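Keep in mind that what you see is a predicted model, and the values were worked out from it rather than measured. We name chains A, B, ... by the order of the sequence lines, and we start the count at 1 in each one. Only this structure's heavy atoms are used, side chains among them; waters, hydrogens and symmetry mates stay out.
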Number of protein chains: 2
Amino acid sequence: MTVTTVHQPTHREALWELEAAFDRGDLITVFGHCTVEYDGRAASSLGLGRRLLLLKPDGTALVHTDEQQQPVNWQPPGSEHHAAVRDGRLRVRSVRSSPDETLDVRFETVEQLSAMAVSGRRDLSVTGSEADLRNALLDQPDAIEAGFEPLATERPTDVGPIDLFGRDSEGRPVVVELKRRRVGPSAASQLQRYVEAIRREEGDDADVRGLLIAPSVTDRARRLLAEAGLEFAAVEPPSSDSDAGDADAADATDANDDSVAAAGDDASGPSAAEPANDE
Amino acid sequence: MTVTTVHQPTHREALWELEAAFDRGDLITVFGHCTVEYDGRAASSLGLGRRLLLLKPDGTALVHTDEQQQPVNWQPPGSEHHAAVRDGRLRVRSVRSSPDETLDVRFETVEQLSAMAVSGRRDLSVTGSEADLRNALLDQPDAIEAGFEPLATERPTDVGPIDLFGRDSEGRPVVVELKRRRVGPSAASQLQRYVEAIRREEGDDADVRGLLIAPSVTDRARRLLAEAGLEFAAVEPPSSDSDAGDADAADATDANDDSVAAAGDDASGPSAAEPANDE
DNA sequence: GCCTAGGTCCCGTAG
DNA sequence: CTACGGGGCCTAGGC
């Protein structure tokens, strides 16, 4: 049995289950009527309501409502969870130091408490990141511009590391800043900062180019680049069009063998089945 | 009853419960042995493992493991959840458009499925934000420097809005950039960008000051500021020291009325009880 | 919808 | 530990 659940437990029962789950290193969910107080880098307070508290064995605490991707309150990994019954309420407190922070969740009633044994990989490799873009451009330097010669990635300067550094066909140093998505003014400032650092290194009269590579650029950023004498080149990130096989398979059909739940999910076409390609 | 739970349901049973919970607008948790596939702005794949899937009625989907504050995979609010049984697995798919993105969670087995009716406030007012810092400085302009006169907040320029704009005791324009925490090179660049925009507005020979206000600054950022002729002033954010009453109370004692759960939680001292001050 | 910047950002990596 | 920048960042506020 990899999950333990109690419904509408007394606070003592809930406390006992929490203690056991802490010891087992389980992932814990607590749903109930609670208040939430946070004090640390900032401070906040949340009145009574039914919410879901998630407690992880690494010290993470998350309070979720029925809206938003982000938790309404939280405590980062490395915290310590404590539970106690006090003033007729079940209090779950997650604390960490450096910085000193406390999250307090006080339950008037606990509707459900579950403890689950998690397993399997929790790290995942994402394709389509800036690093992937960099590697693709290193394989095809001409995609940047004809004759571009890469010299270094993450080249250090005294204002931070340059994504990609090289020389153009005429031997001029080129500072390349890569972004996986549309860029705004901050990316232009970042590139300018790096270019000026290289100019200082090479001598103030050095002819150093700055090149921002991204799928697109906002108007303001384009103007900033122009004013600073920097260049822009549009390059799509190498995610969806490079490896579209699995995406197409996942996109093509729906709802065959059995019924379907949810609004507006019309079966498009019960065509040929794709081979299962996971696990 | 505000929570419905099934343990080790068949996929058909799980599907039925999901459908009902979607209709009720419940917050849903599904714990089980699953794979996770994502394709959209990037792409990722995660092999079999026991994980917790959180589905919100606003379209949010979160896949959590036993580590990290951030979900290992997710789908933002506005997505549509669909569920189906296929190839002997329960498939939960969250889809959105613009951008086109799909999250697929395929359960080999479902250990537990719960549906909860959430209620109560989900918005929370945080104290200690940059806006609080700004308001505190507007109340006490002399905390910035003697004779400083605030003129505008979020003053627009053609490179973005200035946090706080004013004039010093000698009538010179001052661009103030506020940060609630220690700042690095990017904040210095940001301030420089604004200052140059104001200089262009006022005429290139204008004497415009730039002032970065934050709790502290890194060495590189300090050097960047100096090179650009910009200033720095250390100001603590107005969070923990302003309203320390509740924090102290929450910090003082632990574990009185009943027992205590968790590792390393020695009861410090069962001293005087503080008054309950929430709800 | 896009743009701009904040965030208790979180997170990994390098020093 | 700090520092720096990426992120499928997310989220709020304007336009």
Checking side-chain polar atoms at under 3.5 Å, does S216(A) have a donor or acceptor matched by the opposite partner on R182(A)? yes

Please tell me whether Y38(A) and E101(A) have a donor and an acceptor in their side chains that are separated by less than 3.5 angstrom.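 There is such a pair between these side chains.
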
Could you tell me whether [X] contacts a base, only the sugar-phosphate backbone, or nothing, with contacts defined as non-hydrogen atoms closer than 4.0 Å?
X       : answer
P185(A) : sugar-phosphate
P99(B)  : nothing
V217(A) : nothing
Q190(A) : sugar-phosphate
R181(A) : base
S129(B) : sugar-phosphate

Using the side chain to side chain contact (heavy atoms under 4.5 Å, CB included) criterion, which residues pair with [X]? Sequence neighbours excluded.
X       : result
A228(B) : Q192(B), L230(B)
R155(B) : A152(B), T157(B), I162(B), F165(B), I198(B), E201(B)
P150(B) : L138(B), P141(B), F148(B), L164(B)
V95(B)  : H82(B), R93(B), T102(B)

Can you list the residues that meet the salt bridge (charged side-chain N to carboxylate O under 4.0 Å, His left out) rule with D163(A), with sequence neighbours excluded?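 Testing D163(A) for salt bridge (charged side-chain N to carboxylate O under 4.0 Å, His left out), a comparison that skips the adjacent residues, returns none.
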
What residues, two or more places apart in sequence or in another chain, satisfy salt bridge (charged side-chain N to carboxylate O under 4.0 Å, His left out) together with R122(A)? D66(B), E67(B)

How many Å lie between [atom1] on [X] and [atom2] on [N], as a whole number?
X       : N       : atom1 : atom2 : answer
D163(A) : dT13(C) : CG    : P     : 16 Å
R180(B) : dC9(C)  : CZ    : C1'   : 10 Å
K179(A) : dC3(C)  : NZ    : P     : 16 Å
L178(B) : dA5(C)  : CG    : C1'   : 13 Å
D123(B) : dT8(C)  : CG    : C1'   : 17 Å
E130(B) : dC9(C)  : CD    : C1'   : 13 Å
H64(B)  : dC10(C) : NE2   : C1'   : 12 Å
I162(B) : dG6(C)  : CD1   : P     : 12 Å

Between Q75(A) and S186(A), the residue closer to the 5' end of DNA chain C by nearest nucleotide is S186(A)

Heavy atoms within less than 4.0 Å of DNA chain D: which residues of residues 65-73 of chain A have one? Give them sorted by number. Q68(A), Q69(A), Q70(A)

Both L103(B) and R193(A) contact DNA chain D. Which one's nearest nucleotide lies toward the 5' end?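 Looking at the nearest nucleotide for each, R193(A) comes out on the 5' side.
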
Want to settle it: does S98(A) or V183(B) sit nearer the 5' end of DNA chain D, counting the closest nucleotide to each?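 Its nearest nucleotide being more 5', the pick is S98(A).
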
Output all residues satisfying side chain to side chain donor-acceptor pair (under 3.5 Å) with [X], sequence neighbours left out; order by chain, then residue number.
X       : value
E227(A) : none
R193(A) : S189(B)
R200(A) : none

Under 3.5 Å: donor-acceptor pair, side chain of H81(B), backbone of D58(B): no

Indicate yes or no for a side-chain donor-acceptor contact from K56(A) to the backbone of T65(B) under 3.5 Å, with no hydrogens or angles considered.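 Yes, because the side chain of K56(A) sits within donor-acceptor range (under 3.5 Å) of the backbone of T65(B).
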
With pairs defined as Watson-Crick or G-U wobble and both distances under 3.5 angstrom, please note down DNA chain D as a dot-bracket string, | for pairing with another strand. |||||||.|||||||

Determine the Euclidean distance between corresponding P atoms of dT4(C) and dT8(C); express it in Å to zero decimal places.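 About 23 Å, rounded to a whole number of Å.
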
Could you give the start and end, 5' to 3', of the contact zone on DNA chain D for chain A, using atoms under 4.0 Å from its heavy atoms?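 It runs dG5(D) to dA12(D).
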
Side chain of R182(A) only, heavy atoms from C-beta on: which candidate in dC10(C), dC3(C), dA5(C) is closest? dC3(C)

